[in-house]
Amino acid sequence: MGRPAPAPSTELNFELYFVTEVLGLRSLHYGYWDEPRTSERIDLEEMKGAQARFTERLLEHVPPAAKSVLDVGAGIGDNARALARRGHHVTALSPDRNHESYFAALDAPNVTFERTCFEAFESTERFDLVLFSESHRYFDRRFGLRRAHELLRPGGHLLVSGMFRYEDEGAFPTGFDVTDLPYLRMAAECDFRPIGIVDITPNVLPTIEMIDRGIVEILEPTLRFAQTWAETRSPWKTKLFRMLLSREDRELTRVLKKLRRKTDPARFRERFRYATLLLEALPGA
Ligand SMILES: C[S@@+](CC[C@H](N)C(=O)[O-])C[C@H]1O[C@@H](n2cnc3c(N)ncnc32)[C@H](O)[C@@H]1O
């Protein structure tokens, strides 16, 4: 038998795995604080409450007439479950095998899960609402907007909540207004009309600060501990192992570096805006 083909990169995302399996959070999106705060330390219990609040605030944007919802990049199902509890019928999709197991355990008859990426998703159904909750950056943005438009019934809605930045990752000017986001221009080109735009950057910012601390105070020391333990117990095997896995070792260093950059609170404040956008699908040209 030949070597199995390498898993596609979306099969298991280690950043998301860290959030659920190491930090033990039961949601993959940011937390939401009604009163923005930054200085105090937030513990994991408070974070769980803030993530539940994020879902509540997100669902306030769902048009009440929307019966069928396509939840694209559905994570571990907390938004889908909350939507189902409010009577919506949810088709949830995510390519991550770890997420599939969460949906298998989800006791929600109105939720159907499909393990696929958006690019490969096929359906003849036309949905009332397509939801991108912190998922629009996982695929090409223009593709995402066009495909969402195709999958919506005329007059249906696309609800996008997530981080936005300039292509070159440059800083936003002081006083930047999210109605000027390049993503909204692209959405207009794809026949969407904005009907609700809210900048929630200050409301979600404590999440970044908490994750940054999770990396510095939990992930990095745990990796150092595992390394020291292995080196002390079996120095030769560890050397051999590192030689055999040198590519993976470099990859891990790269991923950690990227993660640290991404979760640097000062950099986030400067270069990211977190917004919730409700867009209506206009008849295509
Ligand atoms: C940050 S999580 C957000 C999860 C969830 N929507 C939430 O708000 O908690 C991003 C999700 O997008 C999924 N994803 C990654 N690549 C994708 C793709 N190409 N198509 C669809 N979903 C994708 C991930 O597996 C994950 O479920």
Side-chain angles (χ1 to χ4, degrees), residues 7-32 47-62 69-84 88 90-106 108 111-123 127 129-148 150-151 158-165 200 203-204 207-208 210-211 214 255 258-259 262-263 268 272 274-277:
S9 60
T10 49
E11 176 153 317
L12 185 71
N13 177 312
F14 284 96
E15 265 176 68
L16 301 180
Y17 188 87
F18 171 67
V19 171
T20 52
E21 311 310 312
V22 180
L23 294 183
L25 293 172
R26 288 295 162 257
S27 172
L28 285 179
H29 53 69
Y30 279 38
Y32 184 100
M47 184 65 199
K48 286 179 188 168
Q51 286 180 313
R53 204 173 307 117
F54 177 102
T55 297
E56 277 172 34
R57 297 289 170 268
L58 178 69
L59 266 53
E60 286 166 6
H61 297 275
V62 173
V69 179
L70 178 65
D71 183 0
V72 178
I76 56 175
D78 52 322
N79 291 338
R81 191 179 41 222
L83 282 159
H88 304 278
V90 186
T91 303
L93 53 100
S94 170
D96 197 309
R97 74 176 140 83
N98 190 38
H99 302 169
E100 186 172 32
S101 58
Y102 280 89
F103 275 90
L106 201 74
V111 179
T112 319
F113 177 77
E114 197 174 316
R115 180 147 90 83
T116 178
C117 56
F118 195 32
E119 295 89 324
F121 176 70
E122 292 291 344
S123 173
F127 297 87
L129 180 84
V130 172
L131 173 64
F132 295 164
S133 171
E134 284 186 25
S135 60
H136 75 283
R137 299 172 71 233
Y138 283 79
F139 34 82
D140 178 78
R141 290 162 195 57
R142 193 173 291 274
F143 158 80
L145 286 161
R146 290 217 166 112
R147 188 71 188 119
E150 284 168 4
L151 288 161
L158 170 64
L159 179 58
V160 188
S161 195
M163 283 180 284
F164 296 87
R165 60 166 172 73
I200 57 169
N203 306 85
V204 302
T207 313
I208 280 288
M210 204 217 75
I211 294 182
V255 168
K258 193 171 147 211
L259 199 57
K262 220 167 117 178
T263 59
F268 184 90
F272 287 89
Y274 200 116
T276 303
L277 317 172

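In each ligand, atom 1 is the first atom listed, and ligand 1 is the first ligand listed. The basis for the numbers below is simple: all heavy atoms, side chains too, and nothing from hydrogens, waters or symmetry mates.
- Of the polar atoms of S135, none of the N or O atoms is found under 3.5 Å from an N or O of ligand 1, judged by distance alone.
- Residue contact check: E119 has heavy atoms under 4.0 Å from atoms 18 (C), 19 (N), 20 (N) of ligand 1.
- The line from OG of S161 to CG of L58 is 5.0 Å long, rounded to the nearest 0.5 Å.
- At least one N or O atom of H99 sits closer than 3.5 Å to an N or O atom of ligand 1.
- Among the atoms of F118, some N or O lies under 3.5 angstrom from an N or O of ligand 1.
- Salt bridge E100/R97: absent, no basic N to carboxylate O contact under 4.0 Å.
- When non-hydrogen atoms are compared, ligand 1 lies under 4.0 Å from the backbone of A74 (N, CA, C, O) but not from its side chain.
- Near D96, the atoms of ligand 1 lying under 4.0 angstrom from a non-hydrogen atom of the residue are 25 (O).
- Taking a cut-off of under 4.0 Å to the non-hydrogen atoms of N79, the atoms of ligand 1 that pass are 7 (C), 8 (O).
- Closest non-hydrogen pair, F103 versus A80, comes out as CE2-CB, 4.1 Å.
- Between the side chains of E119 and Y138, not a single donor N or O lies within less than 3.5 Å of an accepting N or O.
- Taking a cut-off of under 4.0 Å to the non-hydrogen atoms of S94, the atoms of ligand 1 that pass are 24 (C), 25 (O), 27 (O).
- Around atom 5 (C) of ligand 1, the closest heavy atom drawn from G73, A92, S27 belongs to G73.
- Among Y138, F139, Y30, the residue whose heavy atom lies closest to atom 16 (N) of ligand 1 is Y138.
- Between F139 and F118, the ring planes are tilted. Angles from 30° to 60° get that label.
- Proximity of a side-chain donor or acceptor of R147 to a complementary backbone N or O of F121 within less than 3.5 Å is detected.
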Test H99 against F113 for ring-ring contact (aromatic ring centres under 6.0 Å, His included), laying out the working first. CA-CA 10 Å; H99 302 169; F113 177 77; 8.2 Å; no

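- When each atom of ligand 1 is checked for a heavy atom of G75 under 4.0 Å away, the hits are 4 (C), 5 (C), 27 (O).
- In this structure, L131 and L83 have side chains that are in contact, with non-hydrogen atoms separated by less than 4.5 Å.
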